[in-house]
Amino acid sequence: MKVIRGAVDEMWSIIGQMTSSVFRHGLPLTDKIAARTALTNFVLHIHPVRVRRSWIRMSYTLCLGGLTFFLFIVLTVTGLYLMFYYVPSINHAYQDMRDLQFVVTFGGLIRNMHRWAAHAMVITVWLHMARVFLTGAYKKPREFNWGIGTVLLLITLLLSFTGYLLPWDQLSIWAVTVGTNMAKYAPIAGPYTRYLMLGGHAVGDATLLRFYVMHVVGLPLVGFLLMVVHFWRVRKDGFSGGL
Amino acid sequence: MATEAADRIAARQRVEARRRQLEAPTTVRDDSEDEMIVSFPEFIFKEFIAAVAMTVFLVVVSIFLQAPLLGQANPGVTPNPSKAPWYFLGLQELLSRFPPLMAGVAFPTFVIVLMILVPFLDRNPSRRPSERKVAIILFALYMAIVVALVIIGTFFRGHEFIWDWGWVLGNPQTCGGRAC
Ligand code: HEM
């Protein structure tokens with residue numbers, strides 16, 4: 001009996017040690033514990049430890065910057081799932097999309113989520129920009145972060161655009177044909193730019209591979225790095241707070 | 001040791017003071033009523049709720065709304081009209097109205113550069129909406145034009161990208177802006 005009780009106690013203490021190794025500070029019952037939790041937790045450390053009540057009013061940011069970032073995460077996760085089934089070649093791409101839609105477990109749902117989250121991100125990033133403009137939050141000392149934001153807006157559009165080609169259906173190749181045709185009007189560089197984007201004179205196998213590589217590696221990587229700088233600057237410039 | 005700490009505190013106060021100075025003309029809020037709170041858990045909880053709401057919204061939409069998948073790409077068959085994705089339809093709309101060099105290159109470049117320069121062009125230090133009427137009106141105009149162009153491109157451009165009331169009038173001949 002004693003041996004069993006001893007073993008149970010030992011087990012509880014090991015479980016306790018495991019829990020406290022993950023959650024170092026217990027419940028945030030006092031401000032001090034809460035502050036220490038925010039400081040030492042990886043997920044929370046991007047946030048300031050202390051904020052003014054007016055900064056976190058939803059009526060100020062409408063959560064738009066945060067939602068844009070959250071959508072980026074959703075897109076990364078759902079995109080990863082799609083990548084397991086998708087081969088960026090004109091012989092496979094379309095059939096892979098159909099398989100995703102009709103055969104793969106949750107394939108249709110994940111594909112839909114990826115698509116609608118992409119549209120939603122284009123909308124939230126515009127609205128976030130509108131919020132920043134209307135609250136005058138781009139003024140000194142945040143001029144630079146506004147510039148980074150503008151580049152992020154362009155990257156968001158390009159991410160959506162490169163993704164548009166990947167299903168390789170009638171909608172995608174013609175939308176991309178129209179879109180890349182716009183590039184060729186630039187003086188001198190235009191036709192070369194278009195050739196560079198397409199990897200040829202028309203949308204084809206090379207285009208699909210180029211768009212795929214930019215869509216899953218190039219643009220997300222640059223976008224993520226810029227987001228990191230963007231968030232860093234929000235902290236270091238000081239949040240603009242309420243009006 | 002003690003002087004080092006004192007130096008550090010003094011330095012921090014100088015930075016703080018400088019920042020307040022920089023911000024001074026643009027700061028219109030009254031902080032006395034505005035309590036400082038620890039961000040965890042209240043702030044984090046709000047973010048969490050927003051994320052959950054967005055997830056639920058996406059899942060529900062994705063269950064009921066299929067992402068489009070048309071027939072396999074066929075370089076030989078050009079749909080008419082051929083349209084760019086909706087967020088580029090404003091650009092396509094401009095291209096259908098102005099010379100390509102202007103609509104496709106000069107104009108977008110100008111807008112992007114202008115946007116990046118906004119904080120330097122807007123010399124008004126105030127952040128109060130009532131004191132920035134011109135800026136707000138110009139911005140509202142910009143947004144209204146962008147939205148209007150996208151709506152026109154999406155719904156009012158039919159065969160050959162020609163103006164088409166089909167979407168409003170339900171004229172079956174014109175397919176309401178979509179590919180026939
Ligand atoms: C991928 C795109 C973007 C992401 C993920 C993002 C994210 C964020 C987040 C989370 C914040 C904190 C405050 C808030 O939520 O509103 C913020 C602030 C800010 N963003 Fe963005 N943003 C993006 C694009 C942009 C764009 C397009 C602009 C403007 C052209 C912009 C300009 C700013 C500025 C100036 C701030 C500081 C605002 C303040 O202190 O009140 N951002 N951003």
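Just so you know, these numbers use all the heavy atoms, side chains as well, and skip hydrogens, waters and symmetry mates. Note on naming: letters A, B, ... go to the chains in the order of the sequence lines (proteins, then strands), and numbering restarts at 1 for each one.
- Counting non-hydrogen atoms of other residues, nucleotides and ligands closer than 6.0 Å to CD1 of A:I188 gives a total of 12 or fewer.
- Options B:A84, B:P100, B:A140 differ in how many heavy-atom pairs under 4.5 Å they form with chain A, and the most are formed by B:P100.
- If you measure heavy-atom distances from B:A135 to chain A, the contacts under 4.5 Å come from both the backbone and the side chain.
- Distance check, rounded to the nearest 0.5 Å: CZ of B:F48 to CZ of A:F70 gives 9.0 Å.
- Minimum interatomic distance between B:R132 and A:L134 (heavy atoms only, all atoms of both residues): NH1-O, 3.1 Å.
- Shown here for B:P125 and A:K139, the closest heavy-atom pair between the two residues is O-CD, 4.1 Å.
- Ranking A:S160, A:G66, A:S172 against chain B, the residue ahead of the rest is A:S160, based on heavy-atom pairs under 4.5 Å.
- Options B:P75, B:A51, B:A50, B:A103 differ in how many heavy-atom pairs under 4.5 Å they form with chain A, and the most are formed by B:A51.
- When heavy atoms are compared at a cutoff of 4.5 Å, B:M143 approaches chain A solely by way of its side chain, counted from C-beta outward.
- Taking CG of A:L171 as the start and CG of B:L70 as the end, the distance is 5.0 Å to the nearest 0.5 Å.
- Heavy atoms of A:I33 lying under 4.5 Å from chain B are absent altogether.
- Atom NE2 of A:H92 is surrounded by 12 or fewer heavy atoms from other residues, nucleotides or ligands within 6.0 Å.
- In this pair, A:H47 and B:F43 present their aromatic rings perpendicular. The plane angle is above 60°, beyond the 30 to 60° band.
- In terms of heavy-atom pairs under 4.5 angstrom with chain B, the leader among A:R111, A:M129, A:R115 is A:R111.
- Proximity to chain A is limited to the side chain of B:L95, based on heavy atoms less than 4.5 angstrom apart.
- Ranked by heavy-atom pairs under 4.5 Å with chain A, the list B:T109, B:T78, B:D122 is led by B:T78.
- The contact between A:Q101 and chain B is made entirely by side chain atoms (from C-beta outward), counting heavy-atom distances below 4.5 Å.
- With a 4.5 Å cut-off on non-hydrogen atoms, B:E47 touches chain A through its side chain but not through its backbone.
- A:M121 contributes atom CE, which lies 11.0 Å from atom CE of B:M54 (distance to the nearest 0.5 angstrom).
- In B:F107, the CZ atom is not crowded: 12 or fewer heavy atoms of neighbouring residues, nucleotides or ligands sit closer than 6.0 Å.
- Relative orientation of the A:Y164 and B:Y87 rings is perpendicular, given thresholds of 30° and 60° on the angle between their planes.
- Expressed to the nearest 0.5 Å, how far CG of A:L154 lies from CE of B:M115 amounts to 7.5 Å.
- Taking chain B as the reference chain and counting heavy-atom pairs below 4.5 Å, the highest number among A:A137, A:G190, A:A130 is found for A:A130.
- The contact between B:I44 and chain A is made entirely by side chain atoms (from C-beta outward), counting heavy-atom distances below 4.5 Å.
- With chain A as partner, the option from B:S82, B:P41, B:G104 having the largest number of non-hydrogen pairs under 4.5 angstrom is B:S82.
- Within the 4.5 angstrom heavy-atom criterion, no atom of A:H114 approaches chain B.
- Note that the CG atom of B:N74 and the CD1 atom of A:I173 stand 7.0 Å from one another [nearest 0.5 Å].
- Using a 4.5 Å cut-off between heavy atoms, B:L117 makes no contact with chain A at all.
- In this pair, B:F88 and A:F161 present their aromatic rings perpendicular. The plane angle is above 60°, beyond the 30 to 60° band.
- The choice from B:L58, B:I136, B:I37 that makes the most heavy-atom pairs within less than 4.5 Å of chain A is B:I37.
- For B:F120, the CZ atom is densely surrounded, since the number of other residues' heavy atoms within 6.0 Å is greater than 12.
- Pairing each heavy atom of A:W116 with each of B:V61, the nearest pair is CD1-CG1, 3.7 Å.
- Considering every non-hydrogen atom in both A:R98 and B:L69, the closest pair reads CG-CD2, 3.9 Å.
- A side-chain contact (heavy atoms from CB on, under 4.5 Å) with A:T150 is found for exactly one of B:I116, B:L114, B:V113, namely B:I116.
- No more than 12 heavy atoms of other residues, nucleotides or ligands sit less than 6.0 Å from atom CZ of A:F144.
- Both the backbone and the side chain of B:V38 come within contact range of chain A, each with at least one heavy atom under 4.5 Å from a heavy atom of that chain.
- Minimum heavy-atom separation, B:V118 to A:Y138: CG1-CE1, 3.7 Å.
- The minimum heavy-atom distance between A:Q170 and B:V77, with the atom names listed, is NE2-O, 2.9 Å.
- Interface remark: of the candidates A:V74, A:I110, A:L157, A:I123, A:L157 forms the most heavy-atom pairs closer than 4.5 Å to chain B.
- Note: B:Q72 leads B:Q72, B:K46, B:M36 in heavy-atom pairs under 4.5 Å with chain A.
- Atom CZ of B:R127 sits about 5.5 Å away from atom OG1 of A:T135, to the nearest 0.5 Å.
- Heavy-atom distances place no part of B:F57 under 4.5 Å from chain A, backbone and side chain included.
- Residue-environment remark: CZ (A:R50) stays at or below the threshold of 12 foreign heavy atoms within 6.0 Å.
- Looking at B:T55, the atoms closer than 4.5 Å to chain A (heavy atoms on both sides) sit in the backbone and in the side chain alike.
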